[in-house]
Amino acid sequence: QEQLVETGGGLVQPGGSLRLSCTGSGFTRAGAVGWFRQAPGKEREAVACISSSDHTSYYADSGMGRFTVSRDNAVNTVYLQINNLTPDDTAVYYCARRSYLCSGSAVAYTKWGQGTQVTVSS
């Protein structure tokens, strides 16, 4: 099965930036890769998604311009750039794969990575 691996998380100061990576096979196939996050005591929520046709969708913090999702097919990687981080961004961030269009619903995705912890603190 396709394996997804998230990297790039860590401790960052408020106002800083972070770029998360999701690496796996099959990203050039039809479908989409989504980014989700889950904070303690909260439900998993969608952050962003990019399709195989490079259509992008943004969910949490949409309109604030802090999230950018992109891909580099040459290295089988999807990125999530987060700027102007705040403590509210602290969560485990997951990437996920589905075979259809971008969706903001976690249950729509069929394959998940293990997650990477993002902690925003001074």
Side-chain angles (χ1 to χ4, degrees):
Q1 292 184 333
E2 181 180 43
Q3 294 183 335
L4 306 178
V5 179
E6 304 98 332
T7 58
L11 177 64
V12 63
Q13 295 182 353
S17 298
L18 209 59
R19 185 171 68 171
L20 309 181
S21 298
C22 173
T23 301
S25 62
F27 286 0
T28 58
R29 303 171 187 172
V33 176
W35 283 98
F36 292 77
R37 66 184 182 184
Q38 188 165 21
K42 288 186 170 290
E43 295 182 355
R44 189 168 299 185
E45 66 174 351
V47 176
C49 179
I50 186 166
S51 74
S52 57
S53 61
D54 290 330
H55 174 266
T56 57
S57 298
Y58 296 93
Y59 306 98
D61 287 323
S62 178
M64 297 184 66
R66 301 194 301 115
F67 300 154
T68 303
V69 64
S70 61
R71 66 164 66 246
D72 186 344
N73 290 336
V75 292
N76 299 311
T77 300
V78 171
Y79 302 100
L80 179 67
Q81 177 75 31
I82 314 176
N83 297 325
N84 195 24
L85 283 156
T86 76
D88 289 339
D89 294 318
T90 296
V92 177
Y93 284 72
Y94 300 89
C95 68
R97 168 77 177 177
R98 71 185 303 246
S99 60
Y100 197 47
L101 302 176
C102 282
S103 173
S105 177
V107 298
Y109 292 80
T110 58
K111 185 68 178 180
W112 292 81
Q114 84 291 344
T116 184
Q117 176 72 48
V118 172
T119 302
V120 184
S121 176
S122 60

- prompt: Under 3.5 Å, side chain of Tyr59 to main-chain N/O of Cys49, donor-acceptor pair present?
  reply: no
message: Does either side chain, that of Arg98 or that of Tyr109, offer a donor lying less than 3.5 Å from an acceptor on the other one?
response: no
- request: Just jot down the side chain to side chain contact (heavy atoms under 4.5 Å, CB included) partners of Asp72, sequence neighbours excluded, or say none.
  value: Ala74, Val75, Tyr79
query: Is the closest side-chain heavy-atom distance between Cys95 and Arg97 below 4.5 Å?
result: no
- prompt: So do His55 and Ile50 actually touch side chain to side chain, heavy atoms under 4.5 Å?
  reply: no
message: Any heavy-atom pair between the side chains of Asp89 and Val120 that's under 4.5 Å?
response: yes
query: Any luck finding a side-chain donor-acceptor pair between Ser103 and Ser105 under 3.5 Å?
result: no
field: Check: Gln114 side chain, Glu6 main-chain N or O, donor-acceptor pair, under 3.5 Å
entry: yes
field: Atom pair CZ (Phe67) and CD1 (Ile82), whose distance is rounded to the nearest 0.5 Å
entry: 5.5 Å
- prompt: Under 3.5 Å, is there a donor-acceptor pair between the side chain of Ser51 and the main chain of Leu101?
  reply: no
message: Show me the pairs that pass salt bridge (Lys or Arg N to Asp or Glu O under 4.0 Å) and involve residues 112-122, at least two apart or across chains.
response: none
Nearest non-hydrogen partners of Ser52 and Ala30, listed with the distance: OG-CA, 3.4 Å
statement: Of all heavy-atom pairs linking Asn84 and Arg66, the shortest is O-NH1, 3.2 Å
field: Any side-chain heavy-atom pair of Val78 and Val69 under 4.5 Å
entry: yes
task: Output the distance between atom OH (Tyr94) and atom CH2 (Trp35), rounded to the nearest 0.5 Å.
output: 12.0 Å
- request: Answer whether the closest heavy-atom distance between the side chains of Tyr58 and Val47 falls below 4.5 Å.
  value: no
Aromatic contact, Phe36 with Trp112 (centres under 6.0 Å): yes
Check: residues 9-23 side-chain donor-acceptor pairs under 3.5 Å, at least two apart:
| residue | atom | partner | partner atom | Å |
| --- | --- | --- | --- | --- |
| Ser17 | OG | Asn83 | OD1 | 3.0 |
| Thr23 | OG1 | Thr77 | OG1 | 3.1 |

- request: Evaluate the criterion side chain to side chain contact (heavy atoms under 4.5 Å, CB included) for residue pair Arg44 and Arg37; output intermediate values, then yes/no.
  value: CA-CA 6 Å; Arg44 189 168 299 185; Arg37 66 184 182 184; over 6 Å; no
